[in-house]
Structure formats: structure tokens, C-alpha cells
Amino acid sequence: MLDIKFIRENVEAVKTAAAAKRLSCDVDRLVEVDARRRELQLELDTLRSQVKESGQLVGLLRNPKSPGYQRAIQEGKSEAEIKARADAVQNELAEIKPKIKSLEETEGPILQEFDELMLTIPQPADPEVPIGKDETQNVELRKVGEVRRFEFEPKDHVALGAELDIIDIERGVKLSGSRNYTLKGDGALLHQAVLRLAQDMMIQRGFVPMVVPVLVKEEVMYGTGYFPTGRDQAYLCERDEKSLVGTAEVPLTALHCDEILSEAELPIKYCAMSMCFRREAGAAGKDTSGLYRIHLFEKVEQVIICRNDVEESKKFHAEILKNAEDVVQALGLPYRIVNVCTGDLGMGQVQKYDIETWMPSRNAYGETHSASRFYEFQTRRLRLRYRDGAKTVRFCHTLNNTVIASPRILIPILELYQNRDGTVTIPEALRPYMGGRERIEKA
RNA sequence: GGAGGAGUGGCCGAGCGGCUGAAGGCGACGGUCUUGAAAACCGUUAGGCGAGCAAUCGUCUCGGGGGUUCGAAUCCCUCCUCCUCCGCCA
């Protein structure tokens, strides 16, 4: 969410920024509603002020023991006169009250529309972000690692998984429909190994591991920017007005909502391993094969909540990107870093770097990580603030990035580490989590 | 799920329907004192929205929403959360 004052003073810039993100929002209507809202508040405040003052006067005039009553007596007023005065004031009030009521009735829908519109205004992208319409116009920043050349015909992860009996997609689909799967034996272990490695690396770097709810109230989804836009991507538990999160970013970022932290508590660095639920609405027919695009996966996520400082945000953005790169490097996977263009950026993101890991079966780099910074976008929605050195209350900045998401990351691991005989070498970093074994072979 | 009890400022805790956005205490911050620190003493210490260049002013908020009343933290209704007892249970 942006500051309404900023929007008022930068209408054209806000529109341009929204257009660059290819998001539609009605800034003109918002400005109009905002003007009306302020007008009404001014009127209401004035009337309420009158009512309050007169109400107190009535109280004094009705109470013989009050100083006001006594003063009137001393001024030579009779009891009847005082009562008449009280009645008169009360009658005035009786006229004002319906006015307030009616203004409030006008104000209600205006406020609601105001709030709704505010939630649809996107955060402008950083000037460093390339302008583009979709992911095809993301800009590659650098490539790391050598892409393996096979001296035999490599299999894809689906075939490998089936032959090694570690991935069973058919039965997953039988239970839960398309885009579901099961992991078996070493498949399940490999999945968990990757997550544990990632979490251990984050703990070493000072991130506090958390276990958080993945079924959250809708306001948490609004607060982090996933609602109202994107509501169709979430699994809803409508009976309870709750939603399954698509990432632990949601509960981690919202953890301190409605709080005013002290500056000394910042930066807060959390990581959490969680289930992630995604409907993948609108993705019908896309990435239908294998473990790439699925409804349920597990992820270790990193979140930083820091001071309201652009340079600091950028510094932490680099840090969380590096954390993830280190994990991918520890796994020995080739990848590239992409500067995501405006059209592929979410509502709230100022800038986003994706890590794309080489996947032989796609013959391309595929997104495995996504590092975003938001500035105040989420914290304004969440009312997440801190008191700075000058005792001023300010909105925090937030950032987040994947540490590892599995089973998607199993695609490059299985495919790149496969051997001619159909076995898969276990990356060294994962061996401690796999009983020290060096390879996965058919049981 | 059944029966009771409770929700006040960073925390504890008072609060008769009016002068209470809220006593008192703790904590925190600033100051006096001290070589320094402690103690003691003095002072400061909610957030939102709006108006204003600003000082400042107005309004809203005592779990949320609604109602009674000229006036509600204080009365009524409702929802939420927490605690205790009973039942069920990973």
C-alpha cells in the first residue's frame, strides 16, 4: 500500500508505474474518493465537536452540584431558567444528531471504497528494473556454474523417479488430482535432505528458525499483498474464512503486524520451513509434466524486516540473494540470476531477482528462487512499524527470498546428477542427511 | 462440544454513566546529584485520521461490531480471544 498523500501528489507517476507493471487500477477514482472522504470527515468532526461540547453543558446544567450550575445560580438565574437553558441546548443537539447520522451513512461506503481502491494501487518499481511486458523480457545478470554435457542420453526426472521408484506421480494424481505426486523412499529422503540443508545454512547465518501457521486469516493475506489480487491462486477454507498460504513469507512477514517495534530489534531475520499451497489457476496446460508446477510443495523461506531505509533494503536484498545462491552452489547446480522486468513483477514488489537453475529436461533455466524487496508496501497494510532514534514511528521495510523449494529443486538435482547406469549420485552437501550414502539406486 | 470467568496504555493495575485518552505503580527516556555507577529527586512517555507553513487544533480508539442515553471504558445485545471445570482426542 502506498501513502495516500504520496498518491495525491504523484498521480501521474503512480499511473505510469502501474502501467509498467501492467496492472490496472483507478487512480483518478481514488483521488476523487479521497477528496470526498476528507470533506466528510471535516464536516463530521465539526459537528461531533459541537455535540460533545453541548453535551457537557447539558450535564452541568442538569446537575445542581456542578460548578456550572452553581455559577448560573450566582448569576441570578432561577432553577426554572437553568432547566429551560438545558432543554434548549438539548433540543439543538436533537437537530444535529440526525445530521451526523446521515453524514455517517454517506461516509461508510466512501470509506469502504477508499480502502478497497487503496489495496489495488501497486508499489512502483525501482528505476533499476527493466521495463518489459512479461517474463520473456527479464534481463539475465549473470550465469554461475557449468551446464553438464551428457555423454549418454539423459533421462528426465519423471523417468528417473519412476525407474528408481522414488517418485510416484500417478498415485498422487489418483489421490488428489492433477499436479499432485508422492515421493517414496530415497525420494522422500532427498526432499527432506534438501530442506534440512537449507535450513541449517540459514541458521548458521543468524536467521531464527520459526514454525508458523499455514492456514491464516484473510487479513493476513491482504496484509502481505496476496489479496485481493491473486485471491484465485489461494486455497480457501471459506467456512472458517481462512486461507492456505502459498509461502511462509505470509505468516513470517505478518508476524509482527499491528506492532511498533523498537529500532534496536531490527533487523529481524526469520526463516521457516513450511508447506506451500497453490491453486495454479490460469496455468492450465502449462508445465504439465513432472514436479515443476504442482499444487503442494515444501519450502524454506527467508524474511527480513528492517528499518525504513532504501540503502539498507538494497543491502539486505543482496544478502538474501547471496544466501540462496550459496545453497544452490552447495548443491553444485548451475544457475543464472535474472533481473525481473516490470511486467513480471508482483503488485508490491519494488524489485525482484529470480534464481533460475538449469534443468536438462526443459533444456533451459527454470525458476527456483525469487528474491523480492517491498519497501513499505507490506508493512503499511500490516501496520508494522518501529520507533526510530528520533522517536518517530515509521513503517518497516520487508524482503523475502526462497532458500530452497522442493520438490522443484529435485528436478535439476536428479537430472544433473544422473549416471549412465540409471543411478543418481547424491550431491556431497546432502550426504550427511542421507545416511552418508553416495548414490541413489533402485532398491 | 457443554458449564462458568475475564478482556483497560510497553507491562501490572484502578476506574461512581458526565470534568477519564484514562489514577497509581513498574519499565523506558531526559535531567539534577556523583570521579563513574547505584540510590534518591524532578520531568517526559499511545496510535489512526483530518485541518494548518508551523506552533497547534479537531475527531476517533479502553478486544471487534451494534444499541440505550443529551452524554458510555462504565448499562444492554452480539461476535472474537483467553482462562478454569467436564467430555472427546493427535
Side-chain angles (χ1 to χ4, degrees), chain A residues 1-9 30-72 82-119 211 213-220 222-223 237 239-242 254 256-266 268 275 308 376 379-396:
Chain A
M1 196 155 65
L2 301 183
D3 185 350
I4 182 60
K5 291 180 190 127
F6 174 85
I7 297 174
R8 278 204 293 262
E9 287 158 19
L30 175 61
V31 170
E32 208 175 291
V33 169
D34 171 53
R36 183 74 182 122
R37 155 187 157 265
R38 288 184 292 151
E39 194 183 334
L40 283 167
Q41 181 171 347
L42 206 55
E43 282 183 63
L44 271 167
D45 281 0
T46 312
L47 290 177
R48 285 192 183 121
S49 170
Q50 277 177 42
V51 165
K52 220 169 153 177
E53 202 180 330
S54 302
Q56 281 177 1
L57 181 57
V58 172
L60 293 177
L61 294 176
R62 291 240 186 275
N63 179 2
K65 278 178 273 186
S66 75
Y69 193 96
Q70 292 298 325
R71 203 176 319 119
I82 295 171
K83 180 171 184 307
R85 183 78 220 287
D87 289 345
V89 174
Q90 207 166 311
N91 284 337
E92 282 171 32
L93 283 177
E95 282 172 35
I96 301 178
K97 267 184 85 171
K99 277 193 214 163
I100 292 183
K101 191 96 182 168
S102 112
L103 280 174
E104 280 173 344
E105 274 160 16
T106 315
E107 191 192 32
I110 294 281
L111 287 181
Q112 199 188 332
E113 190 180 357
F114 176 76
D115 291 342
E116 282 166 7
L117 287 167
M118 283 295 281
L119 291 175
V211 173
V214 292
L215 181 59
V216 301
K217 297 182 185 176
E218 295 219 336
E219 60 183 272
V220 174
Y222 279 98
C237 299
R239 182 162 61 167
D240 298 295
E241 295 181 305
K242 284 173 191 174
H256 295 282
C257 70
D258 280 314
E259 292 183 29
I260 300 178
L261 305 167
S262 73
E263 189 168 9
E265 292 173 79
L266 302 177
I268 291 174
M275 288 284 181
N308 191 311
E376 306 173 9
T379 59
R380 278 184 178 278
R381 292 174 168 234
L382 292 165
R383 298 165 303 282
L384 167 48
R385 296 104 89 210
Y386 71 103
R387 221 179 290 275
D388 73 6
K391 303 278 187 209
T392 307
V393 175
R394 314 187 65 190
F395 288 101
C396 300

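Quick note on labels: first sequence line is chain A, next is B, and so on, each numbered from 1.
- Annotation: B:C62 and B:G10 have their P atoms spaced 14 Å apart (nearest Å).
- In this structure, A:Gln90 and A:Phe395 both approach RNA chain B, and ranking their closest nucleotides by distance from the 5' end singles out A:Phe395.
- Within the structure, a side-chain polar atom (N or O) of A:Lys52 is placed less than 4.0 Å from OP1 or OP2 of B:C60.
- Phosphate contact (OP1/OP2 of B:G47, side-chain N/O of A:Arg387, threshold under 4.0 Å): present.
- Rounded to the nearest 0.5 Å, atoms SG (A:Cys396) and NE2 (A:His256) are 9.0 Å apart.
- For A:Ile4, the listed nucleotide lying nearest its side chain is B:G50; candidates were B:G50, B:C29, B:G47.
- When the P atom is compared between B:C41 and B:C26, the two are found 9 Å apart, to the nearest whole Å.
- Contact annotation: A:Lys101 side-chain N/O to B:G67 OP1/OP2 distance is under 4.0 Å.
- Taking atom C1' in both B:C77 and B:G2, the straight-line distance is 23 Å, to the nearest Å.
- Listed candidates were B:G58, B:G48, B:G50. Nearest to the side chain of A:Ser49 is B:G58.
- Checking B:G47, B:G50, B:C70 against every side-chain atom of A:Arg38, the shortest atom distance belongs to B:G50.
- The CZ atom of A:Phe395 sits 8.0 Å away from atom CG of A:Asp3, with the distance rounded to the nearest 0.5 Å.
- As rounded to the nearest Å, B:A22 and B:C57 have P atoms that lie 13 Å from one another.
- Going from atom CD of A:Glu53 over to atom P of B:C19 covers 14 Å, rounded to whole Å.
- What separates CZ of A:Arg48 from P of B:C49 is a distance of 16 Å, to the nearest Å.
- Distance, A:Asp240 CG to B:U81 P: 11 Å, rounded to whole Å.
- The same atom, P, is picked in B:G24 and in B:U44; the two are 11 Å apart, to the nearest Å.
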Could you write out RNA chain B as dot-bracket? Rules: Watson-Crick or G-U wobble, both distances under 3.5 Å, brackets [ ] for crossings, | for pairs with another strand, dot for unpaired. ((((((((.[[[..)..(.....]]]((((((.......))))))((((((....)))))).[[[[[..)....]]]]])))))))....
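- Residue contacts for A:Leu44: at a heavy-atom cut-off of 4.0 Å it reaches no nucleic acid atom on any strand shown.
- Taking the P atom of each, B:C88 and B:U74 are spaced 40 Å apart, rounded to whole Å.
- Distance CD (A:Gln41) to P (B:G52): 12 Å, rounded to an integer number of Å.
- Straight-line distance between the C1' atoms of B:G67 and B:G52: roughly 37 Å, to the nearest whole Å.
- Computed from coordinates, the A:Gln56 CD to B:G71 C1' distance equals 9 Å when rounded to whole Å.
- In this entry the distance linking CG of A:Asp45 with C1' of B:C49 reads 8 Å, nearest Å.
- When the C1' atom of B:U81 is taken as reference, atom CD of A:Glu219 falls 13 Å away, rounded to whole Å.
- Under 4.0 angstrom from either OP1 or OP2 of B:C49 there lies no side-chain N or O belonging to A:Arg37.
- Atom CE in A:Met1 sits about 9 Å away from atom P in B:C49, given to the nearest Å.
- Taking only side-chain nitrogens and oxygens, A:Ser54 never comes nearer than 4.0 Å to OP1 or OP2 of B:C70.
- Annotation: of the two residues near RNA chain B, A:Gly55 and A:Gln50, the 5′-most nearest-nucleotide partner is A:Gly55.
- OP1 or OP2 of B:G48 has not a single side-chain nitrogen or oxygen of A:Arg383 nearer than 4.0 Å.
- Here the straight-line distance linking atom CG of A:Asp115 with atom CD1 of A:Ile110 works out to 11.5 Å at 0.5 Å rounding.
- The A:Val393 side chain lies nearest to B:G48 when the options are B:G48, B:C70, B:G50.
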Checking side chain to side chain donor-acceptor pair (under 3.5 Å) for the pair A:Glu43/A:Thr46: CA distance, chi angles, key distance, verdict? CA-CA 5 Å; A:Glu43 282 183 63; A:Thr46 312; over 6 Å; no
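- Atom P of B:C33 sits at a distance of 23 Å from the matching atom of B:G27, rounded to the whole Å.
- Between the side chain of A:Glu265 and the backbone N or O of A:Ser262, at least one donor-acceptor pair lies under 3.5 Å.
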